Amino acid sequence: MANQGGAQRPNGPQSKICQFKLVLLGESAVGKSSLVLRFVKGQFHEYQESTIGAAFLTQTVCLDDTTVKFEIWDTAGQERYHSLAPMYYRGAQAAIVVYDITNQDTFGRAKTWVRELQRQASPNIVIALAGNKADLANKRMVEYEEAQAYAEENSLLFMETSAKTAMNVNDIFLAIAKKLPKNEQAGQQQSRQRGVDLSQENQPSGGCCK
Amino acid sequence: MDTEIREGFLCPICLADLGAISDLQLHFEEAHSNEDKDVLDQIKGLFGKAKRKILGSRDRNPDDPYSSGASFGGEITPDDVTADGLTATGYHPSVWDPQELGATRCCTAAFKHVREARLDRYVVETNKLVIRLDKLLSTDAPTDPSKRKAFEKNIVPWAPDSCVNLCTTCGKSFGLTRRRHHCRLCGGVMCSRCSQFLPHSYARKMINPAFSYDGDGFRRSSSNSSLNSVLSPDGEPHLRTCSECRTLLERRDRLIEQRNARPIIVQLYEVSGSFEIFLKTFIYFYFYFLQKLRLHLEAGDSLLPRFLQMADSLSAGETVYSLMEATQLRLKILKSYESADVLSKRILKLGLSDPDTVTAKSAQLQRNIRSSVSGYLQQNLLGLQTLPTEKELDELQETRQLEAQRRLEDERRTAEANKRKMKPQKIPKTPSPVREDDTSRVVEAGWKPTEVNAVSSEESDPMIQQMNIIRGYVKQAKQARKWDEVKMLEDNLKELQLAYWSEQRKS
Ligand SMILES: Nc1nc2c(ncn2[C@@H]2O[C@H](COP(=O)(O)OP(=O)(O)OP(=O)(O)O)[C@@H](O)[C@H]2O)c(=O)[nH]1
Ligand SMILES: [Mg+2]
Ligand SMILES: [Zn+2]
Ligand SMILES: [Zn+2]
Ligand SMILES: [Zn+2]
């Protein structure tokens with residue numbers, strides 16, 4: 001009842017809703033906020049303000065028979081907010097680690113984040129690596145192949161994206177949504193609160209995302 | 001002069017004596033929580049007034065409760081006193097105001113005395129003794145031994161000799177060698193060996209703790225002589241007492257000595273310097289308000305989720321909750337939050353009339369309390385959406401009913417269709433990459449709260465900053481009636497608070 005009118009119910013009675021927590025990590029100014037803004041609002045700001053603390057957004061995507069609601073936490077890349085990051089990746093089912101393809105250092109920082117996630121986050125977390133600002137190919141400093149090899153080694157989803165042109169932005173979120181376990185068990189294993197069927201009241205058949 | 005003296009843990013409103021501070025608190029919460037606001041209203045501005053009064057009466061001995069006729073509790077106007085001596089109406093500003101214009105004596109000592117007296121079951125007895133002591137030591141007491149005896153007997157009647165054949169302490173019979181002696185405090189009879197002498201200087205200290213005494217307390221009785229019962233060998237006047245009275249008095253004396261080890265709120269009653277009184281009163285009210293504030297906030301918060309659930313359910317046209325129930329709950333929450341609001345304002349104003357008392361730091365703290373409370377309340381009050389009217393509710397419920405009927409119909413039809421098709425139509429889930437013909441798509445309406453202006457300055461704790469941000473988001477989510485989001489954000493806020501507290505505890 002409490003969810004009445006909250007979640008968007010885009011489809012007919014067929015649709016099941018799963019909720020997942022996703023966190024964005026990466027060096028400051030690589031374009032984390034720009035990516036989510038593109039994904040959630042379809043907008044891009046040339047002068048995107050640097051994030052303070054962690055910003056919160058939600059977006060719902062539809063897979064064939066499932067509706068996935070993302071609870072997105074866009075963390076601040078600035079050093080002084082790093083103490084907050086664990087609070088947001090700890091309960092997360094998915095993470096996007098972002099770097100800027102025009103800046104080698106940000107790729108190094110991304111690797112550090114991946115390592116931290118592998119050690120500290122939930123073992124089932126789905127990690128995606130995003131090489132952002134792909135529209136600035138002429139300033140490229142991180143080769144596609146290098147990043148892809150690294151992603152493969154660590155079994156990460158990998159895409160080069162551009163928040164500016166919207167390239168691969170929705171795609172990376174959808175790819176994550178598909179990789180996420182959508183049966184009740186898996187969703188609950190990670191966190192009892194997450195991945196549960198919010199629409200059960202409308203579901204005579206019961207069960208989530210089957 | 002002869003106003004009734006009422007003492008003990010009196011309720012400030014109905015004057016009932018509750019016996020113990022905890023009982024009083026309980027009673028006050030239960031019986032007068034509504035009047036509370038009025039009482040607190042009267043407390044307003046007390047600090048400035050208190051200070052003025054105390055400073056104005058400095059020339060008098062602030063610790064002598066008997067130096068003038070006024071007594072604690074003596075300022076209740078006759079109109080408010082019913083036949084049984086209790087005020088029937090409770091305090092009203094009209095009762096409170098005349099106090100400032102009338103007596104200007106400091107009542108701290110009397111209050112202190114009275115309160116001290118109720119700390120245990122001996123106290124009534126002890127108190128009686130102290131009052132008698134006070135009379136016995138009065139300045140107009142005759143010094144001449146024979147007149148003095150009559151004076152003492154007049155204050156404390158002696159038990160008649162004929163009734164007592166045995167010493168009440170050691171049980172030995174009286175006779176020629178064992179003479180009867182009287183305790184000047186209780187009038188009881190005992191033998192010389194069982195009696196002791198209380199030097200006047202020590203006695204004076206008993207009545208008035210501020211009076212310094214550096215002797216060694218009671219003295220053993222050294223002779224039978226009648227003269228000695230008035231003057232000690234070194235010429236200091238003293239009083240003969242029995243061992244029981246002595247025990248009570250010594251006990252009281254010890255308690256007074258120990259007072260410095262007591263918690264701050266108790267010490268408040270016992271301070272001697274006027275400035276100190278002011279400061280401690282300040283601290284006391286500060287903690288009192290803060291505690292109340294917490295209670296009100298908690299009360300509101302504990303009800304809020306239930307209300308949101310009701311409101312949601314009602315506006316969805318469900319019939320699970322009654323509108324009246326929800327309305328009452330809403331009022332209750334509003335009231336709690338209102339009280340919290342008032343209290344936080346009180347805290348803000350504490351001591352404002354005396355800028356030199358309030359340090360910059362405490363003023364800052366007060367401001368912070370006020371601003372965070374008002375922010376918090378604003379945000380929560382926004383969540384207190386107005387409920388649908390009776391008429392709207394009927395419409396909502398009707399709509400829902402139609403909706404449900406329609407859905408049932410739909411389901412029945414699809415079930416029939418499926419039966420006819422027989423073949424289940426499951427599309428196998430494809431792993432990435434995303435295909436063009438894929439049905440996956442992004443739903444357009446994502447939600448993003450607008451940036452919260454985290455007012456905090458650069459060096460402030462990121463955790464606090466983040467909590468403020470989340471509070472702002474919660475507010476927006478509530479306004480947008482995004483209950484999923486409200487839940488997510490509130491979960492996060494709780495998590496942040498936990499992390500913050502555990503960090504604070506560590507450092
Ligand atoms: N050309 C180009 N610029 C981008 C792209 N994404 C982000 N930017 C720009 O990069 C700058 C930083 O972007 P943000 O989204 O604020 O970066 P961030 O990672 O959120 O930074 P913090 O909040 O400080 O951690 C902004 O000026 C954006 O306009 C992109 O795909 N292409
Ligand atoms: Mg950002
Ligand atoms: Zn009362
Ligand atoms: Zn006695
Ligand atoms: Zn005796």
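Any value given below was found using the heavy atoms of this structure, including those in side chains, with hydrogens, waters and symmetry copies removed. Because the structure is a prediction, the values reported are computed rather than measured. Letters A, B, ... are given to chains in the order of the sequence lines, protein chains preceding strands, and every chain is numbered from 1.
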Under the side-chain contact (heavy atoms from CB on, under 4.5 Å) criterion, do B:Glu451 and A:Glu49 qualify, and how do the steps go? CA-CA 10 Å; B:Glu451 244 56 72; A:Glu49 295 254 10; over 6 Å; no
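- The minimum heavy-atom distance between A:Val40 and B:Trp447, with the atom names listed, is CG1-N, 3.6 Å.
- For the pair A:Phe56 and B:Asn492, the minimum side-chain heavy-atom distance is 4.5 Å or more.
- Neither the backbone nor the side chain of A:Phe173 comes within contact range of chain B, judged by heavy atoms closer than 4.5 Å.
- Electrostatic pairing of A:Glu71 and B:Lys487 does not count as a salt bridge here, judged by no charged N lying under 4.0 Å from a carboxylate O.
- Heavy atoms of B:Leu496 lying under 4.5 Å from chain A belong to its backbone as well as its side chain.
- For a residue to count as touching a neighbouring chain, one of its non-hydrogen atoms must lie under 4.5 Å from one of that chain's; by this rule A:Leu37 touches chain B with the side chain only.
- Taking 4.5 Å as the limit, some side-chain heavy atom of B:Met488 sits within range of a side-chain heavy atom of A:Gln19.
- Here the shortest heavy-atom pairing between B:Gln466 and A:Ile52 reads OE1-O, 4.1 Å.
- Under the salt bridge (Lys or Arg N to Asp or Glu O under 4.0 Å) criterion, the residue pairs touching residues 151-167 of chain A are A:Glu46-A:Lys164, A:Arg140-A:Glu160, with sequence neighbours excluded.
- For the pair B:Lys448/A:Gln43, no side-chain contact is recorded, criterion being any heavy-atom separation below 4.5 Å from C-beta on.
- When A:Ala54, A:Gly42, A:Gly53, A:Ser83 are compared by the number of non-hydrogen pairs under 4.5 Å with chain B, A:Ala54 comes out ahead.
- When side chains are defined from C-beta on, B:Asp484 does not count as touching A:Thr58, because their heavy atoms never get closer than 4.5 Å.
- Closest approach of B:Glu495 to A:Met87, counting heavy atoms only: OE2-O, 3.2 Å.
- Within a 6.0 Å radius of CD in B:Gln479, other residues, nucleotides and ligands contribute more than 12 heavy atoms.
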